[in-house]
Amino acid sequence: MTLPTEDKPCRFPEPGNHITAMEPYVVDGVSKLDYVDSVEQAVFEVVEPPKRSRGRLIMHGMVMFGREFCYAVEAAFVTPVLLSVGLPRSLYSLVWLLSPILGFLLQPVIGSASDYCKSPWGRRRPYILSLGIMMLVGITMFLNGDAVISAIVQDRNVKRTWAIVVVMFGVVLFDFAADFIDGPVKAYLFDVCSYQDKERGLHYHALLTGLGGACGYLIGAMDWGHSSLGVLLGSEYQVIYFFSALTWGTFLTVHLFSIPEQPLSRTCRSDSSANANLLLLHTHANGYGALPKEQTPVPDLRPRSFSALSEANAVTSSAKQPNKEAQKRMTLKSLLSTMINMPSHYRCLCMSHLLGWTAFLCNMLFFTDFMGQIVYKGNPYAEHNSTAYATYERGVEVGCWGLCINAVSSALYSYVQRLLLPYIGLKGLYFVGYFVFGLGTSLIGLFPNIISTLTLCSVFGVMSSTLYTIPFNLISEYHREEEDKRKMASEGSDDQGRGTGVDCAALTCMVQLAQIIVGAGLGALVNLAGSVTVVVLSASTVALIGCLFIVLFIRYVD
């Protein structure tokens with residue numbers, strides 16, 4: 001017996017035949033069991049992104065190589081360039097404070113905005129490309145500003161003023177963009193990778209970060225001024241710029257084409273289609289022989305990337321709140337409120353990250369000066385043709401080689417972390433990184449000599465690798481735990497819509513805050529103590545305080 005419908009007949013069983021739970025019957029030409037399987041697959045199999053190959057993960061991490069290469073070039077040449085254009089010493093603090101202050105205020109906004117970006121190219125990559133171009137413009141102005149202004153302006157005083165303005169703007173712009181780009185890069189990795197691939201990807205990031213820094217310091221340590229390339233391009237700074245721009249442009253391009261992103265608008269449509277299928281299935285299942293008014297085809301649902309934003313939009317809660325995405329768009333006020341009211345384990349992680357970066361920057365920003373003044377006993381304020389000043393310069397050069405050791409050890413330790421992880425866990429690795437750094441810097445400050453100091457530079461790499469990987473791994477653990485809780489709940493949870501971009505941006509904000517603290521307070525501390533040794537000892541003290549904080553307050557997900 002058949003009953004007519006608008007399109008196709010809905011077939012009912014013949015008298016005497018019964019539908020059992022195991023028998024697939026046909027509704028609108030679609031098998032019930034096939035329908036359930038297709039909808040269940042659409043809802044649940046899209047959660048986990050596909051496994052990424054090693055090559056794709058390395059391509060994704062290339063951006064960290066390029067960024068750290070440019071960072072090393074800036075660290076090696078920022079002081080000589082600023083001195084060469086005649087920047088007064090009273091403005092040094094302004095140069096170092098402008099970028100972190102801007103970053104601390106605007107970083108969460110960028111992170112949240114990337115969570116809701118609807119570009120056809122994806123959510124993170126448009127921001128990464130924009131910040132990458134800003135980095136390139138910044139390093140161009142920083143290394144070429146003096147030469148360009150000298151070619152355009154003839155008046156000596158006007159030339160000096162404009163050279164200072166252009167170079168300072170270049171330094172601030174480069175620092176601003178280079179600090180900002182880390183959050184979207186990490187969020188991009190979390191969006192397109194499964195949990196296991198996130199761990200592998202972060203380790204590749206740490207490895208390539210160390211290698212990029214090592215190559216950058218090696219390029220900066222060479223004398224390009226008297227080489228044929230230096231003669232061809234005009235000066236040593238132009239050679240350095242050529243290598244920096246080539247490296248950054250190439251590796252940024254590789255990164256952007258490494259792993260495709262799913263546009264947010266298509267993700268939302270997929271969620272809406274899945275909800276429609278659930279409602280359709282529910283309609284067919286309710287009444288025996290219920291007649292639908294119109295036939296809705298099963299959509300073609302493909303696997304997509306599943307980020308923290310999509311995790312918050314579970315199918316059940318989306319059916320209740322179709323405008324949830326619009327509701328979660330954050331103003332600056334609500335965004336800052338979200339950060340302040342973040343869960344306690346996120347807040348503790350941000351605090352430990354702040355302690356770690358404060359200790360690390362205390363040591364790194366003044367390390368070459370420490371080598372020149374304390375280890376080599378030179379004098380930076382002596383006459384430039386004096387033996388004391390030449391000795392200081394020699395100490396600074398050796399300090400650059402120490403920073404190169406730091407970069408290499410950071411790359412090597414990223415693999416050691418993978419070996420130690422099954423035995424001591426993420427929290428143990430976090431503690432070891434801070435403790436080894438605190439112990440090593442205290443020995444450098446108490447027993448300053450050339451051999452021991454260069455040997456102990458390897459502990460800087462341990463801290464660097466720890467800061468670049470472990471906190472973001474913990475963020476991934478926390479998001480995975482929240483995702484599991486949402487899956488186990490029968491109804492939609494009271495999710496505040498925290499995205500990966502917001503949490504990565506909150507962590508990166510701690511780097512800017514650490515720069516502000518170090519830039520504003522450490523110079524006064526050195527003047528008060530009368531010796532640069534206090535810098536190294538301060539770094540050791542803060543790192544050891546961070547160890548205690550990790551033991552007492554950091555939560556580890558089993």
Exercise. Mind listing the closest non-hydrogen atom pair of T358 and L354 along with its distance?
Key: OG1-O, 2.7 Å
Taking only distance into account, with no hydrogens and no angle test, what donor-acceptor pairs under 3.5 Å do side-chain atoms of residues 398-412 form with protein atoms, sequence neighbours excluded?
{"from": "N406", "atom 1": "OD1", "to": "G461", "atom 2": "N", "distance (Å)": "3.1"}
{"from": "N406", "atom 1": "ND2", "to": "L403", "atom 2": "O", "distance (Å)": "3.3"}
{"from": "S409", "atom 1": "OG", "to": "I405", "atom 2": "O", "distance (Å)": "3.2"}
{"from": "S409", "atom 1": "OG", "to": "N406", "atom 2": "O", "distance (Å)": "2.9"}
{"from": "S409", "atom 1": "OG", "to": "S458", "atom 2": "O", "distance (Å)": "3.0"}
{"from": "S409", "atom 1": "OG", "to": "G461", "atom 2": "N", "distance (Å)": "3.4"}

Quiz item: If you look at every heavy atom in A177 and M135, which pair is closest and at what distance?
Solution: CB-CG, 3.5 Å
Practice problem: Taking the side chain as every heavy atom from C-beta outward, state whether F460 and F367 have any pair of such atoms under 4.5 Å apart. | Solution: yes
Quiz item: Any chance the rings of F65 and F251 have centres within less than 6.0 Å?
Solution: yes
Quiz item: Are the side chain of N363 and the backbone of A539 linked by a donor-acceptor contact shorter than 3.5 Å?
Solution: no
Self-check item: N/O donor-acceptor pair under 3.5 Å between R52 side chain and V192 backbone
Solution: yes
Self-check item: Check: H479 ring centroid to F190 ring centroid under 6.0 Å
Solution: no
Quiz item: Any idea how H60 and Y188 line up, ring-wise: parallel (<30°), tilted (30 to 60°), or perpendicular (>60°)?
Solution: tilted
Exercise. Decide if the gap between the ring center of F549 and the ring center of Y434 is smaller than 6.0 angstrom.
Key: no
Practice problem: Report yes or no: does T247 contribute a side-chain atom to a donor-acceptor pair with the main-chain N or O of S244 at less than 3.5 Å? | Solution: no
Quiz item: Any idea which heavy atoms bring I259 and C193 closest together, and the distance?
Solution: CD1-SG, 4.3 Å
Exercise. Could you check L349, L202, L467 and say which one makes a side-chain contact (heavy atoms from CB on, under 4.5 Å) with F472?
Key: L202
Quiz item: Do L233 and Y241 have side chains that get closer than 4.5 Å, going by heavy atoms?
Solution: no
Self-check item: Parallel, tilted or perpendicular: ring planes of F431 versus F435, cut at 30 and 60 degrees
Solution: parallel
Quiz prompt | Minimum heavy-atom distance between I550 and K427, given as atom pair plus value | solution = O-CE, 3.0 Å
Self-check item: Whether F437 and F360 hold their rings parallel, tilted or perpendicular, with breakpoints at 30° and 60°
Solution: tilted
